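Computed over heavy atoms, backbone and side chain alike; hydrogens, waters and symmetry mates excluded. The first residue in the sequence is number 1, and the count goes up from there. What you see is a predicted model; the values in this text were computed from it and never measured.
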Amino acid sequence: MGTLNLIDIINSAKLQLNDVVAIRHAFNKKENRDVWDKYDRSNFEEYQSIQPTVDFFKNKKYVLSFIADGKNYARFVGCYEIVSCCDASKVNKKADFPHQDFYDRPGHIYFKMVLSDYMRDLIDRLVIDWPGAISYVQYSRDALEKKLVVSIHPDSKHVFPGYYRVAWDFRTMQEYVTNEDQYEEIANALKEVYAIYLVVDSKTGKYYVGSASGKDGLFGRWKTYATTNGKGGGTKEDLEGNVGVVEYLQENPKAYLDFQYSILEVVHKTGDKAKDKEATLDAEKVWKQKLCTLNTTWGLNRN
């Protein structure tokens, strides 16, 4: 039996191959990081509709839309039908679209699209092999045939919700970060960034602000919590960084089961580790000040 590829999926959906183009959105540039929201995709759809040339989609009828899932994979987010196109400056601008200047860029075209029923059952479930170094738009049969199916997840539990949608209790967080192979998309998303995070005792309201700027980013930091029953580490350095949490758990040994983990701010890696770490630690200081976590009855930070 051969390996399943994107053309097999297209044929199974009874789409005409000559009508299809595939596009991969990476959202790794400053100007587009605020476009994607898993729960409200209207700004993403607006972003996808504005393109630099009238022949950008090569007169194809359907756009198979993917978003980057780690460095080498892409997750399917919908099959969109192109129903018309016109000069982007002539459309009614979406008032809350964060990049109003896109409409007025010279020569840019607005492709009106609607989410079709084709492959709707695979939205957020289909993951294919699509390395970031490969062109983000694919038109030819040969290119689509090379897109191998990595996985088809059984449900949305395996889908990363977005950094600012994360609010996981301890057991959920622990399951995700200690079963990396099973939750690969979630693991990849957490590894890709440094971050400032919040740990809250959902019963008492006490909380701790921390940062992740080490190996494997936020994934590595939270895995330390997952494997130490919420303490945050086993080394002297880890314990000193989380001394307030350690003291709290010494007094309330089972409190970690009520901990909730969320993300306050992400710091995208630029390749300059020293600069990225400094930016992360600076942001952590600001969040500690904003949330008054030092020298208060509710804060668990000690430094």
Side-chain angles (χ1 to χ4, degrees), residues 5-37 40-69 71-120 122-124 126-149:
N5 61 46
L6 187 53
I7 286 185
D8 295 321
I9 300 294
I10 293 170
N11 289 337
S12 178
K14 301 189 184 316
L15 275 164
Q16 295 298 313
L17 189 58
N18 290 335
D19 288 338
V20 172
V21 59
I23 186 169
R24 175 188 187 267
H25 301 279
F27 302 126
N28 57 2
K29 297 180 180 179
K30 186 176 181 180
E31 72 172 14
N32 62 19
R33 287 174 185 164
D34 54 358
V35 169
W36 175 253
D37 185 328
D40 180 359
R41 304 188 180 185
S42 59
N43 279 334
F44 160 73
E45 291 169 345
E46 193 75 355
Y47 171 83
Q48 179 176 250
S49 294
I50 304 172
Q51 298 298 341
T53 62
V54 70
D55 64 344
F56 184 82
F57 291 116
K58 305 293 187 186
N59 294 317
K60 304 289 186 178
K61 186 176 182 180
Y62 295 101
V63 178
L64 301 186
S65 186
F66 293 81
I67 64 171
D69 184 0
K71 293 182 178 179
N72 297 314
Y73 299 150
R75 171 162 48 92
F76 178 66
V77 294
C79 174
Y80 289 85
E81 180 181 358
I82 299 174
V83 295
S84 64
C85 68
C86 67
D87 190 308
S89 64
K90 295 180 179 180
V91 301
N92 292 325
K93 297 179 180 179
K94 186 175 184 291
D96 62 345
F97 183 59
H99 302 288
Q100 294 291 308
D101 62 299
F102 282 20
Y103 296 103
D104 298 316
R105 290 183 175 181
H108 276 53
I109 303 298
Y110 188 90
F111 294 85
K112 183 178 180 180
M113 302 185 197
V114 295
L115 183 64
S116 79
D117 288 331
Y118 286 115
M119 298 170 59
R120 191 179 284 254
L122 294 175
I123 290 177
D124 293 336
L126 171 65
V127 178
I128 64 172
D129 181 57
W130 193 332
I134 295 178
S135 177
Y136 72 101
V137 187
Q138 302 283 276
Y139 309 97
S140 70
R141 177 187 182 91
D142 181 59
L144 297 176
E145 195 169 31
K146 290 178 180 177
K147 300 293 178 291
L148 303 182
V149 173

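- Every residue was checked against the side-chain hydrogen bond (donor to acceptor under 3.5 Å, both in side chains) condition with D8, not counting sequence neighbours, and none meets it.
- In summary, the side chains of D142 and S140 do not present any donor paired with an acceptor at a separation below 3.5 Å, with no hydrogens or angles considered.
- Proximity of F44 to S65: side-chain heavy atoms (C-beta onward) are separated by under 4.5 Å at one or more points.
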Going through the checks in order, is the side chain to side chain contact (heavy atoms under 4.5 Å, CB included) test met by S49 and V91? CA-CA 11 Å; S49 294; V91 301; over 6 Å; no
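- Proximity of K93 to D104: side-chain heavy atoms (C-beta onward) are separated by under 4.5 Å at one or more points.
- Side chains of V137 and F56 form a contact here, defined as non-hydrogen atoms less than 4.5 Å apart.
- Of all non-hydrogen atoms in D37 and R41, the two that sit nearest each other are O-CG, 3.4 Å.
- Residues forming a ring-ring contact (aromatic ring centres under 6.0 Å, His included) with F76 (at least two apart in sequence, or on another chain): F66.
- Contact of the Y136 side chain with the I23 side chain is registered, since non-hydrogen atoms from C-beta on lie closer than 4.5 Å.
- Of all heavy-atom pairs spanning A68 and A26, the tightest one is CB-CA, 3.8 Å.
- For the salt bridge (Lys or Arg N to Asp or Glu O under 4.0 Å) test, no residue two or more places apart in sequence or in another chain qualifies with D55.
- Between the R24 side chain and the W130 main chain, a donor and an acceptor come within less than 3.5 Å of each other.
- With rounding to the nearest 0.5 Å, the separation of CG in L15 from OG in S116 is 7.0 Å.
- The minimum heavy-atom distance linking K60 with D19 is given by the pair CB-O, 3.6 Å.
- Across every non-hydrogen atom of V54 and C85, the tightest pair is CG2-SG, 4.4 Å.
- For Q51, there are no side-chain hydrogen bond (donor to acceptor under 3.5 Å, both in side chains) partners, not counting sequence neighbours.
- Classified by interplanar angle (parallel below 30°, tilted 30° to 60°, perpendicular above 60°), the ring pair F102/F97 is perpendicular.
- By the ring-ring contact (aromatic ring centres under 6.0 Å, His included) test, Y62 is found to be paired with Y118, residues two or more places apart in sequence or in another chain being considered.
- In N59, the CG atom is not crowded: 12 or fewer heavy atoms of neighbouring residues, nucleotides or ligands sit closer than 6.0 Å.
- Remark: N92 pairs with no residue by the side-chain contact (heavy atoms from CB on, under 4.5 Å) rule, at least two apart or across chains.
- Rounded to the nearest 0.5 angstrom, L6 CG and Q138 CD are separated by 9.5 Å.
- Annotation for Q16: atom CD does not count as buried by contact number, only 12 or fewer foreign heavy atoms lying within 6.0 Å.
- Shown here are the salt bridge (Lys or Arg N to Asp or Glu O under 4.0 Å) partners of K94, two or more places apart in sequence or in another chain: D96.
- Between Y73 and I128, every side-chain heavy-atom pair lies at or beyond the 4.5 Å cut-off.
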Contacts table for residues 106-113: side-chain donor-acceptor under 3.5 angstrom, sequence neighbours left out:
| residue | atom | partner | partner atom | Å |
| --- | --- | --- | --- | --- |
| H108 | ND1 | P106 | O | 3.4 |
| Y110 | OH | E46 | OE1 | 2.9 |

Full working for side-chain hydrogen bond (donor to acceptor under 3.5 Å, both in side chains) between H99 and D34: CA-CA 9 Å; H99 302 288; D34 54 358; 2.9 Å; yes
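- Note: L126 CG to M119 CE = 5.5 Å, rounded to the nearest 0.5 Å.
- Partners of K90 under the side-chain contact (heavy atoms from CB on, under 4.5 Å) rule, at least two apart in sequence or in another chain, are D87.
- The side-chain contact (heavy atoms from CB on, under 4.5 Å) test applied to N18 returns no partner, not counting sequence neighbours.
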Practice prompt. Begin with the C-alpha distance, continue with both residues' side-chain angles, and end with the deciding distance and a verdict on side chain to side chain contact (heavy atoms under 4.5 Å, CB included) for V77 and D124.
Written response: CA-CA 5 Å; V77 294; D124 293 336; 4.0 Å; yes
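- Put simply, the side chain of K147 gets close to the backbone of A143: a donor and an acceptor are under 3.5 Å apart.
- Side-chain contact check for V35 versus Q48: every heavy-atom pair is 4.5 Å or farther apart.
- L17 is linked by a side-chain contact (heavy atoms from CB on, under 4.5 Å) to I7, I10, R141, L144, counting only residues two or more places apart in sequence or in another chain.
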